[in-house]
There are 2 protein chains.
Amino acid sequence: MRIGNAAEGLMARGTDITMTPEVAIKSQVADAALVQRRRGQIVAAAVELFSEQGFYRTTIQDVARKAGVSIGLIYQYVHDKDDVLLLALLSVLDSYRREIPRALEGVIDPLTRCWVAVDAYCRVVDSRREATVLAYRSTKSLPKERRELVMKAEIETNEFIAECLRDGIRHGLFRPVNVDLTTYHFVLFAHGWALKHWRIREFCSLNHYIEDGLDFLLTALLTPKGARQYRQMRARLSAGGGRVVSPVPR
Amino acid sequence: MRIGNAAEGLMARGTDITMTPEVAIKSQVADAALVQRRRGQIVAAAVELFSEQGFYRTTIQDVARKAGVSIGLIYQYVHDKDDVLLLALLSVLDSYRREIPRALEGVIDPLTRCWVAVDAYCRVVDSRREATVLAYRSTKSLPKERRELVMKAEIETNEFIAECLRDGIRHGLFRPVNVDLTTYHFVLFAHGWALKHWRIREFCSLNHYIEDGLDFLLTALLTPKGARQYRQMRARLSAGGGRVVSPVPR
DNA sequence: GCCAAATATGAACGAGCATTCATTCAGATG
DNA sequence: CATCTGAATGAATGCTCGTTCATATTTGGC
């Protein structure tokens, strides 16, 4: 399963994996712009409700009410309730796939890129914390084929991290570890903020979690050369306020 | 939230958190031994079915059939379907709480204890892989109070790891890291084997996962002194066949 | 061997919910 | 203005379960 330059085309226009040929959730309605708007409404309501109450405890009635539309309307844009779940999950995974590259824009130094990527990952996860947990809860409720779409989206996101690791190794900053496995240490670290938030928040802020955790994981990864550069980077960062910021403001 | 010598009493007799005063799931049936046997049957069937199909897609009918009992009988041992879920989840968490200390029996060296604990954790997770995923999927479906029982059980399991870390730090083998946070790196690593098995199995066996992962995490943790001991331990281990074994056979 | 008491059974009940579809509505077309 | 088309509505339908309970079966004391 080779993934090229992970996810290049996609993020060009709007938010929409929904319309990817593969996903192809049929709608009764022809007007593409309308479909996108309506599905946006529906999915936003659904993510919120599913996250709070879970998929099965949420009725289509609930979704319709929160989205401010009728029950019938939902069925014009979606074949069944499972479709709503798929769209909801993909919208979450897609926000990862958009935010990480956005944070990396213009960052060149491999070590900084690695930091920024994981930092950004943790922050999207935080901004969609409940939804991240939803993904863990509900992906298995999808029929096999649909589930694979979600998995594929996850792999594409991981690829951003993996690429940073490969880059670091190539530059002699990281030890030549197994990239696939190491990627998961970082991915689980980011997801962990959502998964274990109920406990971790008792002793740790997001910033602290990121700094401490990244420092821990990088310690395992850095070569002596990498370690030297890392100390410089940290000095630069804490001089800049302690929070990594993309140098390309928007 | 202080946890003493985590979980001492419990494992004396059978498998049963079920009868802990806190859990106190009422049963119509008086005979305690019978209750234990029947609940065992029911829970075993439930864990299997819930893991496969999810909680909501599994009917009580299904559970009854698989357990080889009638629908009515289940309601003699449990108040409602949610009770079955709680019992199922606690039985999973309880297997962690039993297996880790069992593996640690008789192991004294702090560094080895740390390795053995995480190794054992990964292996229980593997032996109950689907059930571990179930815990992530379904804990939130429990009402708040019940959910807290599950969380408490998880914290108790984590305490085995945390204790190993504290011990290593005390002996100057580990850097003086934040124990609570570091514990989660290890916990997520163990759970990760179940959560991401769909992907990781494509490039990695359990043994490889454990060795590589533990090596990675320990690298981040060890002091120079610890690192020296670690190299010795690894040498000893690989001489012994490469697989850590509890020195107390049973 | 007989009779309570304790267990076990599963048909029947009824609530909850996804999905449908007959109907209404808004705006474009000519 | 009359007509047509595509969107939107939500009451009605029908099915799927969780739960109950009247009844059957087993157990163990005498």
Side-chain angles (χ1 to χ4, degrees), chain A residues 18 25-47 49-50 52-89 138 141-143 146, chain B residues 18-19 25-50 52-89 138 141-143 146:
Chain A
T18 282
I25 288 175
K26 264 174 262 168
S27 169
Q28 314 270 60
V29 177
D31 179 1
L34 183 58
V35 171
Q36 177 154 340
R37 193 166 67 79
R38 287 305 199 193
R39 282 189 177 169
Q41 266 181 286
I42 295 165
V43 167
V47 169
L49 289 165
F50 293 170
E52 257 165 45
Q53 326 175 355
F55 176 64
Y56 289 100
R57 286 204 195 300
T58 302
T59 68
I60 288 292
Q61 185 84 241
D62 294 337
V63 177
R65 193 176 312 118
K66 175 150 259 163
V69 300
S70 67
I71 294 174
L73 180 136
I74 290 180
Y75 284 93
Q76 302 248 316
Y77 292 91
V78 120
H79 180 255
D80 57 18
K81 200 186 170 191
D82 280 343
D83 273 355
V84 181
L85 179 58
L86 177 61
L87 290 177
L89 296 182
S138 302
S141 306
L142 251 23
R146 298 279 173 94
Chain B
T18 282
M19 321 237 62
I25 290 176
K26 263 173 260 167
S27 169
Q28 315 270 57
V29 176
D31 179 1
L34 182 58
V35 171
Q36 177 153 340
R37 192 166 65 80
R38 287 303 200 195
R39 284 189 176 168
Q41 266 181 286
I42 295 165
V43 167
V47 169
E48 209 170 317
L49 289 165
F50 293 170
E52 257 164 45
Q53 324 175 356
F55 177 63
Y56 289 101
R57 284 204 188 321
T58 302
T59 68
I60 288 291
Q61 185 85 241
D62 293 337
V63 177
R65 193 177 310 115
K66 176 148 257 164
V69 300
S70 65
I71 293 173
L73 180 135
I74 291 180
Y75 283 91
Q76 303 249 315
Y77 291 90
V78 121
H79 179 256
D80 58 20
K81 199 187 172 192
D82 280 343
D83 272 356
V84 180
L85 179 57
L86 177 61
L87 290 176
L89 295 182
S138 302
S141 306
L142 249 25
R146 298 278 172 96

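In this text, all values refer to a predicted model and were calculated from it rather than measured experimentally. So you know, we letter chains A, B, ... as the sequences are listed, proteins then strands, and number each from 1. These numbers come from the heavy atoms of this one structure, side chains and all, not from hydrogens, waters or symmetry mates.
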Report yes if a side-chain nitrogen or oxygen of Y77(A) is closer than 4.0 Å to either non-bridging phosphate oxygen (OP1 or OP2) of dA8(D); otherwise report no. yes

Would you be so kind as to tabulate the donor-acceptor pairs closer than 3.5 Å made by side chains of residues 79-87 of chain B, with sequence neighbours excluded?
| residue | atom | partner | partner atom | Å |
| --- | --- | --- | --- | --- |
| D80(B) | OD1 | D82(B) | N | 3.2 |
| D80(B) | OD1 | D83(B) | N | 3.1 |
| K81(B) | NZ | F55(B) | O | 3.0 |
| K81(B) | NZ | T58(B) | O | 2.8 |
| D83(B) | OD1 | R146(B) | NH1 | 2.5 |
| D83(B) | OD1 | R146(B) | NH2 | 3.0 |
| D83(B) | OD2 | H79(B) | N | 2.9 |

How many whole angstroms separate atom CZ of R57(A) from atom P of dG18(D)? 12 Å

Output yes when a side-chain donor or acceptor of R39(B) lies under 3.5 Å from a complementary backbone atom of Y77(B), and no otherwise. yes

With sequence neighbours excluded, residues passing side chain to side chain contact (heavy atoms under 4.5 Å, CB included) with S70(B): L73(B)

Integer-rounded Å distance: dA15(C) P and D80(B) CG: 18 Å

Rounded distance in Å - CD (Q61(B)) to P (dC15(D)): 18 Å

Determine, stepwise, if the pair Q53(B) / D62(B) fulfils side-chain contact (heavy atoms from CB on, under 4.5 Å). CA-CA 11 Å; Q53(B) 324 175 356; D62(B) 293 337; 3.7 Å; yes

Whole-Å distance separating the CD atom of Q76(B) from the P atom of dA22(D): 14 Å

With five pairs defining each end axis, the helix from dG1(C)-dC30(D) to dG30(C)-dC1(D) comes out bent, to 10°, by 10°

Could you state the CG-C1' distance from L85(A) to dA18(C), rounded to the nearest angstrom? 15 Å

Rounded to the Å, how far apart are I42(B) CD1 and dA8(C) P? 9 Å

Reported CD-to-CD1 distance for the pair Q76(A) and I42(A), which is rounded to 0.5 angstrom: 10.0 Å

Where do N or O atoms of nucleotides 10-13 of chain D meet protein N or O atoms at under 3.5 Å, pair by pair?
| residue | atom | partner | partner atom | Å |
| --- | --- | --- | --- | --- |
| dG10(D) | N7 | G72(A) | N | 3.3 |

From CD1 (I60(A)) to CD1 (I71(A)), nearest 0.5 Å: 8.5 Å

Rounded to the nearest Å, what distance is computed from the CD1 atom of residue I60(B) to the P atom of nucleotide dG10(C)? 15 Å

Among residues at least two apart in sequence or on other chains, which ones pass side chain to side chain donor-acceptor pair (under 3.5 Å) with S138(A)? none

For R57(B), check side chain to side chain donor-acceptor pair (under 3.5 Å) against everything at least two apart and list the hits. Y56(A)

F50(B) has an atom CZ; how far is it from atom C1' of dC17(D), in whole Å? 13 Å

If every non-hydrogen atom of A67(A) is compared with every non-hydrogen atom of Q41(A), which pair is closest and at what distance? O-NE2, 3.1 Å

